[in-house]
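Input: a single structure, listed below in structure tokens.
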Amino acid sequence: MSFTIPSPLSGTSPSADAAAAPRAAAQTSRTYQVRTFGCQMNVHDSERMAGMLEDAGYVPAEGEQADVVVFNTCAVRENADNKLYGNLGMLAPVKAANPGMQIAVGGCLAQKDRETILKKAPWVDAVFGTHNVGALPALLERARHNNEAQLEILESLDVFPSTLPTKRDSVYSGWVSISVGCNNTCTFCIVPALRGKEKDRRPGDILAEIQALVDDGAIEVTLLGQNVNSYGVEFGDRLAFSKLLRACGDIEGLERVRFTSPHPAAFTDDVIDAMAETPNVMPQLHMPLQSGSDKVLRDMRRSYRSTKFLGILDKVREKIPHAAISTDIIVGFPGETEEDFQATLDVVEKSRFATAFTFQYSKRPGTPAADLPDQLPKAVVQERFERLTALQDRIAAEENRGQLGRRVEVMVTAQSGRKAGETHRLSGRSQDQRLVHFSVPEGAEIPRPGDLVTVTITEAAAFHLVADPTLADYSLRRSRAGDAWDRSQADSCGAPAPGAAAGAKGVSLGMPSLPVRTR
């Protein structure tokens, strides 16, 4: 996945370290673009990169070639290298034609490959790792001053990333890191080697950041960690994560709390109780399975078995009957037999996942699994992958059909579906994180991103739900998040003032609008 960070409101205020960053760029208003690959952690890191650059005086590139292009890379998949070097190759002639342009590479692949990036792409100006995101502006300035590439990779965290300025991707919801790194040793995963051992933030710092987001208008947060439910291991509190969830329930104005990703081995009953008993913790859970075969789980060094996994799901559904559960699954791990794969299909059938992120095993140099015997042929892995996705697509469609006739509260997002121009629908997420495309009845007020609508589900597909309500069935609740959206649009382009009625005249960037119906 690759995208360019847009230009919403700034988030947290600069730290003392960030304030010391070079500001020479402010005099020339150099423009920037951040391109992100990989997981939610990387998305949130990119928000920090954008915040650091803007604190140093850079401005977002709007339609023109940016003066600075930053790649925030992922190293989890086998094609990560090709994706990066392909993008760098396309930028080489662009930079040759624009001598003042700079290119920086950060993230997990930079942490792993280090000098290799500069050898393969000598036109890159700065390479930095996962532990020193805050160094980006200084490295760019040093590269300009010295007229040579800068490489800075730290082996451990120098400052917790959440103390850095952040340019939030959304005004109505936000990511909040509660920990970085991972203490697990899964044989297929390179992340612990690149992000280090788990480091936990103090609860007060996390809650203060959430409160700051809420004060800025956000009504939803997602707590992030490589192994989010092992939070507290560093300071010796086994119940720290469930306590944190309950503390989120005491934050006035915070309406939706999510978290990702937990580890089944560390998922305890106190967390399930906290989810069920804290009203603003959403009825949604992402629980990575990886494999349904106990033999493969042992080979992966995943410290749980399929029976424990299914038992967790049973407990969650007993306490939270309408919970939507998603998962991650790897197909074709070395040594996986047809019997092992069938065990995965059996667990998927029993689990009834609302959605699943399915991956073909990717051999990553430096991981124990890369050296295992019995690496499977591509054709075998592909065939199994297709069988798994067909099964999960069927289950997802059946689960979504079970939503027909339910009234759901949907938080409106700035992004609409691909067919919005044809269907005249807006989009949003229900409390259980299902994607809902909905129409606004004629005569009803059009919601803003961050507002909440309540509608009845009228259609269901494998990957989304549809609601086409009547005027009587449609309910809109204007929210503080919608007000924050209004402010962000007014600040950026002279849109309607805060509190203005929907439909008021003004310029809007990205404001959802319903295409005019033809009669």
Side-chain angles (χ1 to χ4, degrees), residues 3-36 42-73 91 94-95 98-107 110-111 117-118 123-154 157-171 174-175 177 209 212-213 216 488 491-492:
F3 70 96
T4 301
I5 295 289
S7 53
L9 287 177
S10 294
T12 56
S13 59
S15 68
D17 288 342
R23 299 177 181 273
Q27 299 173 3
T28 56
S29 296
R30 284 167 60 79
T31 60
Y32 78 90
Q33 181 188 69
V34 180
R35 301 184 186 181
T36 308
N42 273 17
V43 173
H44 192 22
D45 282 347
S46 289
E47 292 182 330
R48 297 184 183 110
M49 293 174 193
M52 291 293 301
L53 290 171
E54 295 203 10
D55 190 56
Y58 294 82
V59 297
E62 299 286 357
E64 76 276 11
Q65 177 58 54
D67 297 315
V68 172
V69 177
V70 182
F71 290 93
N72 186 11
T73 62
L91 279 183
V94 178
K95 183 176 180 181
N98 299 274
M101 179 183 175
Q102 290 185 294
I103 301 172
V105 179
Q111 187 79 21
I117 293 173
L118 294 179
W123 55 92
V124 169
D125 297 274
V127 178
F128 60 102
T130 57
H131 299 308
N132 60 327
V133 170
L136 173 59
L139 292 174
L140 290 170
E141 189 61 23
R142 199 186 309 158
R144 291 178 67 197
H145 181 271
N146 297 344
N147 196 29
E148 65 179 9
Q150 300 295 308
L151 169 67
E152 184 174 298
I153 304 290
L154 300 184
L157 206 61
D158 60 343
V159 60
F160 201 92
S162 288
T163 64
L164 301 174
T166 301
K167 176 85 174 285
R168 297 285 177 181
D169 187 36
S170 167
V171 298
W175 311 101
S177 290
E209 182 179 353
L213 280 172
D216 281 344
S488 72
D491 288 346
S492 62

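- Of all heavy-atom pairs between S177 and R48, the closest is OG-NH2, 3.1 Å.
- The shortest heavy-atom contact between S46 and T36 is OG-OG1, 2.6 Å.
- Of the possible polar contacts, one joining the T73 side chain to the G106 backbone as a donor-acceptor pair under 3.5 Å is found.
- No donor-acceptor pair under 3.5 Å is formed between the side chain of R144 and the backbone N or O of Q102.
- To the nearest 0.5 Å, atom CG of residue L53 and atom CG of residue D67 are 11.5 Å apart.
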Practice task
List the steps, then state whether side-chain contact (heavy atoms from CB on, under 4.5 Å) holds for F71 with V124.
Solution key: CA-CA 10 Å; F71 290 93; V124 169; over 6 Å; no

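- In this structure a side-chain-to-backbone donor-acceptor pair under 3.5 Å is missing from D45 to V133.
- Residue-environment remark: CG (N147) stays at or below the threshold of 12 foreign heavy atoms within 6.0 Å.
- Of all the heavy atoms in E47 and S170, the pair that sits closest is OE2-N, 4.5 Å.
- L139 approaches A126 most closely through the heavy-atom pair CB-CB, 4.0 Å.
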Problem - Stepwise side-chain contact (heavy atoms from CB on, under 4.5 Å) check, V70 with Y32 - result: CA-CA 8 Å; V70 182; Y32 78 90; 5.8 Å; no

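- The structure places CE of M49 at 10.5 Å from CE of M52, a figure rounded to the nearest 0.5 Å.
- Residues meeting the side chain to side chain contact (heavy atoms under 4.5 Å, CB included) test with A66, sequence neighbours left out: T31, Q33, A61, V69.
- Among the candidates L151, L118, D125, I117, the single residue satisfying the side-chain contact (heavy atoms from CB on, under 4.5 Å) test with V105 is I117.
- For the residue pair I153 and A110, the shortest heavy atom distance occurs at CD1-O, 3.6 Å.
- For the residue pair Q65 and N98, no side-chain donor N or O sits within less than 3.5 Å of a side-chain acceptor on the partner.
- Here the CG atom belonging to L213 is positioned 12.5 Å from the CH2 atom belonging to W175, to the nearest 0.5 angstrom.
- Put simply, CG on L136 and CD on E152 are 10.5 Å apart, with the number rounded to the nearest 0.5 Å.
- Looking only at distances, no side-chain donor or acceptor of K95 sits under 3.5 Å from a matching main-chain atom of I103.
- Minimum heavy-atom separation, G129 to Q111: CA-OE1, 3.1 Å.
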